[in-house]
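What follows is a short report on a single structure.
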Amino acid sequence: MNSTERYNFKIIEKKWQERWQNLKVFQAKVDHSKEKFYCLEMFPYPSGKIHMGHVRNYTIGDVLSRYKSLKGFNVMHPMGWDAFGMPAENAARENNLDPKDWTNKNISTMKNQLKRLGLSIDWDREISTCSEEYYKHQQLFFLELYEKGLVYRKENYVNWDPVDQTVLANEQVIDGKGWRSGAIVERKKLNQWFFNISKFSQDLLDGLDELNQWPNKVKIMQKNWIGKSFGCEIAFKTEGDLPVNEIKCFTTRPDTLFGFSFLALSVDHEISKYFNEDKRFQEFKKECSKTGTTEEAIAIGEKIGFKTNLMAINPLNPNQKVPVFFANFVLMDYGFGAVFGCPAHDQRDFDFARKYNLEIKTVVKPNGENDNFKVKDEAYSGPGELINSEFLNNLKVPDESIIKTIEILEKKKIGKKKINFRLKDWGVSRQRYWGCPIPMAYDNNGKVKAIPKEKLPIILPENVDLNSKGNPLDSKDDWKNIIIDGKKYVRETDTLDTFVCSSWYYLRFCSPRNNEYGYKKEDIDYWMPVDQYIGGVEHAILHLLYSRFFMKALGYKNETFKFNEPFKGLFTQGMVCHETYKDQDNNWLSPDEVELIGGQYHKKSEPNKKVNVGPSESMSKSKKNVIDPENIINNYGADAVRLFILSDSPPEKDVQWSEQGMVASYKFLQKLWTLHNKIKDKIKKNAKSNNENLNLEKFTNQMINKITNNLENFNYNVIIANIYEIYNFFNKEIDKNLNSKTIEENYKKILLLFSPAIPHFASECLEDLGFKSEILWPKINLDLLKEDKVDYIVQINGKKRLILNESRDINQENLLEKIKLNKLLDKYLNNKSIVKIIFVKNRLINLLINE
RNA sequence: GGGCGAGUGGCGGAAUUGGUAGACGCGUUGGUCUUAGGAACCAAUAGUGCAAGCUGUGAAGGUUCGAGUCCUUUCUCGCCUACCA
């Protein structure tokens, strides 16, 4: 390219993208002579076009992959498609298309868009979860887990839309109504398939400790989700008009048993069956399901109860009998669906007791209170000592009191020590068409039959009627009815939750074309685990926990599978945000519909109409505050977009999209190109000079050090600042009388430092200077890193008064001599005595003097 | 209610983990060049003061020769979570 021309990203980016593709530069192969690095970003859902979130996610991963390659690692950086899911079904229904066609079209569009970002992806490993080549292995995994006893079927409540005849996910229920039909959602019991993830609760919890390259935040979220609690199960004897003589409860506070004043049951507790005919109870139950839909209602939710005629007996004090209620705040799926109420030391129980005038007996006093302490306006759940508890009195709350009480209960055979987990089994059945078919069938008695492995894959039928009520597979009789070994069966028509697909895709990338099985042992033994996984924090719990479960499930009863955790390192990037705009009629406006005139936004189409600017929020179609990456790439090029998306904020935090910032990045590349040509001319001159070269070498070396450190620590925004610093320095320094050879050597290193962030630009410059192969990350010269002169901060009584540039490693005495020679300090030091000197080598000296 | 995190110029953000606060960019101001510029280049830019200086990292204390960084209290904001017994 002619050096007077502007930097033409259109030509140059295309050229390099084609070259990378043709030479298969990013193709990953098992090579035991090299250390591997598996870099993975969360694969996208093919929704139509890529968005800025993708741009950010994949740019971050690409910077890392390219850096690791230059560092000499054997990098695998694959990409695929999380291609099953409801949007395809909905879009297909609306546009009268086939979900498969819709999905594949989107994949092809998005793949081209990703390629235009210049990502270093091994496209030969591309996978799509909706292809039979992928999901057939998933069906086999399902059968394997079934054989291992990790899959089972049970009845479970679901959100049922009576109009659409379909099951709704929680987020599809809005104010108790179906998002599409608007019908009031019912709770319905359905038979569904479950993965026994709770079997691994303790393992999943323990595994978190090993994950020292995961954000703490995510580990805490998972820990809370798994929700281990230590306590005791107690069987309460009951008396009353029902054929019930015992109710089990789980409690973490058995020590407060003497404060017992009621027993509360979930409305779904098995005892509720005795109230099926009781109208008042049925009404109460309805009332309970009304509250508790919205989050706020739960937060301030009133406690309501339904009193039974049962009385529960305090096992430590058989004379005490308390009423048994059904209560809206008791959850059926935690513990036993029953709690013992101790109002004095639990706020919920306190509220409930107040409402129903139940006894509030204080059994814990805070430290420093006397035995007459009484709980008044709120429950006391802090530490202290037991009181009013007979033989438990004076035990220290919480540790001693809980352990001792459990011992006593166990001795009396009233209770048992118990560890309880909040984590529930994973319901994987979805009454949907566009998903992986579950390889199960039922005979005409409804008995389960696993499809024989040799009959796999079960291919999702095409040409289904998506407008039928309920699951379209249900009405596909020719697919549904099958014969195995001469016997008639009906297929399972539910499909798998799409989270199943994404729970093992990282394994598939290791052996994407292996036909026999989901992975090949040699491949995963080399590539796994994923060294760096990058994606949004919104998957902190479900996707990441399910993936971790999958590894444990595959390794269960399988000694050849040696992995415990899928992702060694995790990085969660922030979102891309943009200001929001609304017109006077409160309609959202997109950024292209508005323009800024004299500090005020106006509507482009109607310039006399003012626009209200809202806060910057995560880009979303509904608020119209989206910027289409494709337009941006067309206008400014991939490198400029990469530069901008990395520059403005640390990658783990949200970033504000800014048109000005984007333009600045574009202009910067133009300036950098001008500088490149200037440098190239200087190199060509072949000048020999020994005068001022050292500065350049030192600076380059410092930058290698800085950028390397910043790359290692994900400080990608600082790397961009470093690139600007390099520009500023070289742009000045290049005018000096420098040796051409020195310029060439150092500039080459600089270009390598540029290449993870702006690969097309750096490649072009390197080639322009005739550098071809041997591209490896530049080494740091530690000797050059040491300056022979150092700025010493001179403090008087802790205040900075002077900076002295003196030789490195100078000792305290010599530095003090120099200080005394400096007239600027006379006014501080004359006629004063130095009481103490703090000397930090090569940093500072602090003189403490008498004032 | 519980958990986690963050508060630094007009803005986004740096600060080798206790040692020159404000790197780098945006914006702003002034200048150069140009028919013109919303282009390019140069310079300035925390506040205050003519200046030496003084004051400054949400607020108040503390530890230290020295604190944006550590400790205590407190305020504000963001995110996650939700009646988990």
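Just so it is clear, the structure is predicted and the values come from calculations on it, not from any experiment. By convention in this document, chain letters (A, B, ...) are assigned in the order of the sequence lines, proteins followed by strands, and residues within each chain are numbered from 1.
A:S665 comes within contact range of no nucleotide atom at all, as no heavy-atom separation falls under 4.0 Å. Residue A:V537 is classed as having no contact, given no heavy-atom separation below 4.0 Å to the nucleic acid. Here A:N846 lies in heavy-atom contact (under 4.0 Å) with a base. Within 4.0 Å of A:Y724, counting heavy atoms only, lie sugar-phosphate atoms of the nucleic acid but no base atom. Here A:N728 lies in heavy-atom contact (under 4.0 Å) with sugar-phosphate atoms only. The residue A:I803 sits close to a base: some heavy atom pair falls under 4.0 Å.
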Dump the pairs, protein N or O against N or O of nucleotides 70-75 of chain B, anything under 3.5 Å, distances to one decimal.
none

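Nearest to the side chain of A:Y334, among B:G19, B:U81, B:A85, sits B:A85. Out of B:A82, B:G25, B:A85, the shortest distance to the side chain of A:V339 is found at B:A85.
Judged by the 6.0 Å and 45° rule, A:R422 forms a cation-pi pair with A:W225.
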Checklist entry - How would nucleotides 2-13 of chain B be written as a contact map, 5' to 3', with B for base contact, S for sugar-phosphate-only contact and - for no contact, using protein heavy atoms under 4.0 Å? => result -SS-------SS
Next on the checklist: If you apply the rule salt bridge (charged side-chain N to carboxylate O under 4.0 Å, His left out), what do you find for A:E595 with A:K604, and how did you get there?
Outcome noted: CA-CA 6 Å; A:E595 83 191 305; A:K604 270 186 192 164; 5.9 Å; no
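For the contact set between residues 258-266 of chain A and RNA chain B, defined by any heavy atom under 4.0 Å, there are no members.
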